Amino acid sequence: MPLQPEQKLTIKNRVKDIFKLEERIREKRVDMLSGDTSPFLLVLLGEKLTLQTKVVQSIQTTMGMSFYEQTCKFIGEANGYKVETQKKVTGHMLPDVQQFIENLNNNLGTNFNRAREMEHIRSLCKQNIKRNPNINGTIGKEFPDSTVDVYVTTPDGEEILIDITTVKPNKKEFRVMKEKLLRWACYRMSEYPDIKVEPYIAIPYNPEGNSIQDVNYDRHSAYYDRADILVGDELWQKVSGGNCSINDIMGVFTEISMELGGIIKHSLDEI
């Protein structure tokens, strides 16, 4: 079902809390009055546009990966999911799985198939547990790539592990992220081979789309299976169980933008 009005209000308030608009505007107004802005720029642009520009620059600095992680968290929690950010995924890296991943990712002619790869890793983990039954259910260790940006656990125990990245990764970054997804799958399955785990790369919006809802994306597509990536609306639908679209989020920002003008006007009136 779609987001309820109270859920949208919660998201709106959380976004405003992240940006701290009133506090940020006051700070930038004080900076402007304290002489950190050229008087020539003030004459050229006027006080309102100058203050808006300073606030926008400050918000843009805040709006990094951590912002998207926090947004995923409170959207997921609003829809009944357990969501943790920057959580470590532990487990075991099995030698035969390691070899499989290296062979797969080092072959430039690979036709990646996410479903087949995940099931092969699961099969190798089960075989390893048969050979080493004492490993079943044991707590593994952390690895250098163990940090998951957004770790979602659904009420039925499914785990969704998301690595949020920039909207235009290069080839090397895609190769590293693809390997990370496979390793995350091994970590979880090495402990619990029947667990339902879905590791993903995610980009918060689609820079190649014709519209905000467009999810067509094929940047460096030879380096991953398209099913490995959550693009724009796919990310927000995934973390909300299909209850929150990218349009919902855009709507929240539209409402905040309307308030922003009033807050800036009020701040200028106090000068």
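All of these numbers come straight from a predicted model, not from anything done at the bench.
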Review point. Run the salt bridge (charged side-chain N to carboxylate O under 4.0 Å, His left out) check on D31 and K54 step by step: do they pass?
Key: CA-CA 9 Å; D31 290 345; K54 292 173 71 67; 5.3 Å; no

Exercise for review: Could you check S123 against Q127 for side chain to side chain donor-acceptor pair (under 3.5 Å), going step by step and ending with a plain yes or no?
Suggested key: CA-CA 6 Å; S123 175; Q127 292 174 28; 3.2 Å; yes

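- For K126 and D194, the salt-bridge test passes: some basic side-chain N is under 4.0 Å from an acidic carboxylate O.
- Using a 4.0 Å cut-off between charged side-chain N and carboxylate O, E234 and R226 make a salt bridge.
- I160 is listed as a side-chain neighbour of Y200, based on a closest heavy-atom distance under 4.5 Å.
- One finds the CZ atom of R26 at 8.5 Å from the CZ atom of R29 (value rounded to the nearest 0.5 Å).
- Under the 4.5 Å side-chain heavy-atom criterion for ILVMFWY residues, a single connected hydrophobic cluster contains both V167 and I164.
- Following chains of ILVMFWY side-chain contacts shorter than 4.5 Å, one can reach M93 starting from V148, so the two form part of one hydrophobic cluster.
- The distance from atom CG of D163 to atom CD of E173, rounded to the nearest 0.5 Å, is 10.5 Å.
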**Study point:** Pair K238-E198, salt bridge (charged side-chain N to carboxylate O under 4.0 Å, His left out): steps then yes or no
**Key:** CA-CA 11 Å; K238 177 64 71 173; E198 296 185 45; 3.4 Å; yes

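- A distance of 11.5 Å separates CD1 of I129 from CG of L124, quoted to the nearest 0.5 Å.
- Using a 4.0 Å cut-off between charged side-chain N and carboxylate O, R188 and E191 make a salt bridge.
- Rounded to the nearest 0.5 Å, atoms CD (Q237) and CD1 (I246) are 10.0 Å apart.
- Hydrophobic clustering, with ILVMFWY side chains joined whenever heavy atoms are under 4.5 angstrom apart, keeps V56 apart from V30.
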Exercise for review: Please step through ring pair (Phe, Tyr, Trp, His ring centres under 6.0 Å) for the pair F100 and H120, ending with a clear verdict.
Suggested key: CA-CA 9 Å; F100 167 71; H120 185 64; 4.5 Å; yes

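- Between the N13 side chain and the T10 main chain, no donor and acceptor come within less than 3.5 Å of each other.
- A salt bridge does not link K180 to D145: none of the charged side-chain nitrogens sits closer than 4.0 Å to a carboxylate oxygen.
- We find the OG-CH2 distance between S146 and W184 to be 9.0 Å, quoted to the nearest 0.5 Å.
- With a 4.5 Å cut-off on side-chain heavy atoms, E117 and K178 count as touching.
- Judged purely by atom type and a 3.5 angstrom limit, T153 has no side-chain atom pairing as donor or acceptor with the backbone of G157.
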Check your understanding: Does the side chain to side chain contact (heavy atoms under 4.5 Å, CB included) test come out yes or no for T85 and D149, once each step is laid out?
Key -> CA-CA 5 Å; T85 60; D149 291 335; over 6 Å; no

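- Contact annotation: the side chain of I162 approaches that of V239 to within less than 4.5 Å [non-hydrogen atoms, C-beta and beyond].
- Residues S245 and D248 meet the side-chain proximity criterion, which asks for heavy atoms closer than 4.5 Å.
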Check your understanding: Which is it for R219 and Y217 under the side chain to side chain contact (heavy atoms under 4.5 Å, CB included) test, yes or no, and what are the steps along the way?
Key -> CA-CA 6 Å; R219 181 177 176 83; Y217 186 88; 3.4 Å; yes

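- When the shell of 6.0 Å around CE of M250 is examined, it contains 12 or fewer heavy atoms from other residues, nucleotides or ligands.
- You'll find the side chain of L235 stays beyond 4.5 Å of the side chain of I203, heavy atoms only.
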Practice item. Give the intermediate values and the outcome of side chain to side chain contact (heavy atoms under 4.5 Å, CB included) for residues N79 and F74. Key: CA-CA 9 Å; N79 287 278; F74 60 72; over 6 Å; no

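- Between atom OG of residue S66 and atom CD of residue E69 there is a gap of 6.5 Å, rounded to the nearest 0.5 Å.
- The pair E77-K82 fails the salt-bridge criterion, with no side-chain N (NZ, NE, NH1 or NH2) lying under 4.0 Å from an Asp/Glu carboxylate O.
- Side chains of L49 and Q52 form a contact here, defined as non-hydrogen atoms less than 4.5 Å apart.
- For R114 and E119, the salt-bridge test fails: no basic side-chain N is under 4.0 Å from an acidic carboxylate O.
- Put simply, the side chain of N106 reaches to within 4.5 Å of the side chain of R175, judged on heavy atoms.
- Between the N113 side chain and the R116 main chain, a donor and an acceptor come within less than 3.5 Å of each other.
- Taking each heavy atom of S190 and C125 in turn, the nearest pair found is N-SG, 3.7 Å.
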Practice item. Before giving the answer on side chain to side chain contact (heavy atoms under 4.5 Å, CB included), spell out for D218 and E208 the whole-Å C-alpha distance, their side-chain angles and the decisive distance to 0.1 Å. Key: CA-CA 9 Å; D218 61 359; E208 301 177 358; 3.6 Å; yes

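- Between Y223 and F112, the gap from one ring centroid to the other reaches at least 6.0 Å.
- In terms of heavy-atom proximity, H220 sits nearest to N170 at CD2-C, 3.8 Å.
- Both tests pass for K87 against the ring of Y151: distance under 6.0 Å to the centre and angle within 45° of the axis.
- Proximity of a side-chain donor or acceptor of N216 to a complementary backbone N or O of G209 within less than 3.5 Å is not detected.
- In the hydrophobic cluster analysis, where Ile, Leu, Val, Met, Phe, Trp and Tyr join through side-chain heavy atoms closer than 4.5 angstrom, F253 is grouped together with L21.
- Under a hydrophobic clustering in which Ile, Leu, Val, Met, Phe, Trp and Tyr are joined whenever their side-chain heavy atoms come within less than 4.5 Å, directly or via other members, V176 and F143 fall into different clusters.
- Y68 and Y205 have tilted rings, their planes meeting at an angle from 30° to 60° on a 0 to 90° scale.
- Looking only at distances, a side-chain donor or acceptor of N206 sits under 3.5 Å from a matching main-chain atom of D214.
- The side-chain heavy atoms of I75 and I249, taken from C-beta on, include a pair separated by under 4.5 Å.
- Residues D36 and S34 bring no donor and acceptor atom of their side chains to less than 3.5 Å of each other.
- A distance-only check finds no donor-acceptor pair linking the side chain of N105 to the backbone of I101 [under 3.5 Å].
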